[in-house]
Structure formats: C-alpha cells, structure tokens
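Once you've had a glance at the structure underneath, I'll fire off some questions.
Counting convention: from 1, in listed order, for ligands and their atoms alike. Only a predicted model underlies this, so the values are computations on that prediction, with no experimental measurement involved.
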Amino acid sequence: MNVILIGMMGSGKSTVGKLVAKKLNWEFYDSDQSIERQEQMSIERLFKKKGEKSFRALEKKMIRNLSLKDHSVIATGGGAPCFQENWDSFSKNGFVIYLKAEPLSLYKRLQKSSSRNRPLLKGDRLSKENISKLLAERKSYYQKAEMVLENDALSPGQTAARIVRAIKKLRGESL
Ligand code: S3P
C-alpha cells in the first residue's frame with residue numbers, strides 16, 4: 001500500500017509527506033522532485049522550455065512508475081488529480097488523501113515558500129483570486145480522495161500524526 005497526497009500548491013504535501021514516511025518508516029517520493037532529477041531541469045524551466053503539456057506527460061509517466069512502489073508516501077503535484085490516467089495509477093495500490101486548505105491559508109504559505117516549482121502561481125500570478133479560481137476548477141477532482149484532511153489550523157506535525165493514525169487503523173496496526 002502507498003499513501004498518495006494530493007491537494008493545491010501550498011497544501012503541505014511534501015512537508016507532511018516526509019513526516020508521515022518517517023513516522024511509518026516508509027519511503028518518501030515527491031513526483032515533482034523525481035521529474036526534476038530525471039530531466040535534470042527545474043519544473044520552472046521545464047514549463048518554459050517544453051510547455052505545460054510536456055510536463056503533464058512526464059508527470060503521468062512518473063506517477064505511473066511511483067505507483068508501482070509499496071510502503072511509500074508519494075507527494076504529487078497540485079494539478080495531477082485533474083487527469084484520469086493519474087487516478088488509474090493512484091488506485092493501483094494507493095490510499096489517496098486530500099490535504100485541504102482555504103485559499104487564504106494557501107496564499108500565506110505560498111508567500112513564505114519559494115516560487116520555484118510553481119510557474120502557475122509565480123510573481124504577479126500569486127494572488128488570493130488566482131488561488132481561489134484554480135481551487136474552484138479543481139475541487140471536484142480533489143474531492144475524489146478517500147480521505148479529506150482539512151489542515152488550515154494544523155501544523156505539519158499534527159497533520160502527519162492524523163494521517164499516521166488513519167493508516168495504522170486502516171492496516172489494523174496498533175496505534
Ligand atoms: C502544479 C503544482 C506544482 C508543480 C507544477 C504544477 C499545479 O506542484 O507540479 O508547478 O498544477 O498545481 P506543487 O503542488 O507541489 O507545488
């Protein structure tokens with residue numbers, strides 16, 4: 001079984017994912033980072049050089065490969081759940097968790113973090129309005145997750161602890 005983390009940019013997938021993997025003693029993979037390593041190029045440069053369409057094709061391939069793993073926590077890019085092929089991969093061996101946060105929380109977190117990796121919300125594009133718009137477009141895809149975890153008021157550690165509890169319960173392990 002794998003844990004697949006989905007959600008908007010700034011929802012904490014990578015930070016929380018690393019903590020969950022550590023607590024479960026599982027491997028952690030970040031699909032964006034794996035693509036960057038494979039292509040020897042930042043996501044930002046990939047978008048610029050090859051366009052979003054090429055990035056989405058690489059993302060689909062990467063998610064398909066990562067989904068073959070076991071006992072792994074996989075953080076996906078914010079746009080990945082918008083494509084059915086990625087759900088086909090997720091559902092092979094994955095328990096999908098949506099890290100849900102309000103636009104204002106996402107905005108605050110994204111302002112603090114680097115805009116590297118996030119060409120869709122870079123510079124002038126980083127606004128509450130754009131985040132709300134993107135979230136409205138993606139909501140129905142994100143809601144397909146098996147577990148929805150609202151983390152506006154939770155620290156990454158608290159979010160990770162809730163996920164670990166849910167996974168252990170699911171696997172019938174003692175808490
Ligand atoms: C994207 C999110 C990014 C990255 C790319 C596109 C999106 O990942 O995959 O910039 O479409 O939401 P994070 O969600 O990890 O920031």
(Q) Only heavy atoms of Arg56, strictly under 4.0 Å: list the atoms of ligand 1 that pass. (A)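 Those of ligand 1 that fall under 4.0 Å from Arg56 are 6 (C), 7 (C), 11 (O).
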(Q) At less than 4.0 angstrom from any non-hydrogen atom of Lys13, what atoms of ligand 1 do you find? (A)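 Near Lys13, the atoms of ligand 1 are 13 (P), 14 (O), 15 (O).
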Q | Thr15 side-chain N/O to Gly12 backbone N/O, donor-acceptor pair under 3.5 Å | A |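 Here the side-chain-to-backbone pair does not exist.
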Q) Restricting to pairs with a member in residues 12-22, which pass salt bridge (Lys or Arg N to Asp or Glu O under 4.0 Å), not counting sequence neighbours? A)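 Sorted pair list comes back empty.
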Q: Of the side chain and backbone of Asp30, name the one, both, or neither that has a heavy atom under 4.0 Å from an atom of ligand 1.
A: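 Looking at Asp30 and ligand 1, no heavy atom falls under 4.0 Å.
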Q. For ligand 1, which atoms sit closer than 4.0 Å to a heavy atom of Leu120?
A.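 The list of qualifying atoms is 7 (C), 11 (O).
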Q. Relative to ligand 1, is Arg138 under 4.0 angstrom through side chain, backbone, both or neither, heavy atoms considered?
A.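 The part of Arg138 near ligand 1 is the side chain, not the backbone.
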**Q.** Element-labelled atoms of ligand 1 that are located less than 4.0 Å from some non-hydrogen atom of Arg118
**A.**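 Counting atoms of ligand 1 from 1, those under 4.0 Å from Arg118 are 10 (O), 16 (O).
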Q: For Asn93 and Lys69, indicate whether the former's side chain and the latter's backbone hold a donor-acceptor pair under 3.5 Å.
A: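 Such a contact is found between Asn93 side chain and Lys69 backbone.
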Q: Quick one: which residue pairs count as a salt bridge (Lys or Arg N to Asp or Glu O under 4.0 Å) with a foot in residues 73-87, not counting sequence neighbours?
A: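 Every salt bridge (Lys or Arg N to Asp or Glu O under 4.0 Å) pair that includes a residue of residues 73-87, provided the two are not neighbours, is Lys60-Glu85.
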Q: Any atoms of ligand 1 less than 4.0 Å from a non-hydrogen atom of Phe55? List them with their elements.
A: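 Contacts of ligand 1 toward Phe55, numbered from 1: 9 (O).
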Q: Indicate if Trp26 and Phe28 have the same hydrophobic cluster label, given that clusters are the connected sets of ILVMFWY residues with side-chain heavy-atom separations under 4.5 angstrom.
A: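 In one cluster with Trp26: Phe28, yes.
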Q) Among Leu46, Ile6, Asp32, Thr76, which one has a heavy atom closest to atom 4 (C) of ligand 1? A)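 The residue whose heavy atom sits nearest atom 4 (C) of ligand 1 is Asp32.
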Q: Using a strict cut-off of 4.0 Å, indicate which atoms of ligand 1 neighbour a heavy atom of Gly77.
A: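 Near Gly77, meaning under 4.0 Å from one of its heavy atoms, ligand 1 has 8 (O), 9 (O), 14 (O).
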**Q.** Asp152 side chain vs Glu102 backbone, donor-acceptor pair below 3.5 Å
**A.**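 Here the side-chain-to-backbone pair exists.
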(Q) Same cluster or not: Ile167 versus Val20, using hydrophobic residues (I, L, V, M, F, W, Y) connected whenever any side-chain heavy atoms lie under 4.5 Å apart? (A)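 Yes.
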(Q) Is it the case that the side chain of Thr76 and the backbone of Leu5 share a donor-acceptor pair, with hydrogens and angles ignored and the cut-off at 3.5 Å? (A)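 Indeed, once roles are kept as given, a pair shorter than 3.5 Å links the two residues.
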Q. Which part of Glu44 is near ligand 1, with near meaning a heavy atom under 4.0 Å away: side chain, backbone, both or neither?
A.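 It is neither part, as no heavy atom is under 4.0 Å.
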Q.
Any nitrogen or oxygen of Gly78 lying under 3.5 Å from a nitrogen or oxygen in ligand 1? Just yes or no.
A.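 Checking ligand 1 against Gly78, an N or O pair does fall under 3.5 Å apart.
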Q: Go through ligand 1 atom by atom and flag the ones less than 4.0 Å from a non-hydrogen atom of Pro119.
A: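 Close to Pro119: 10 (O).
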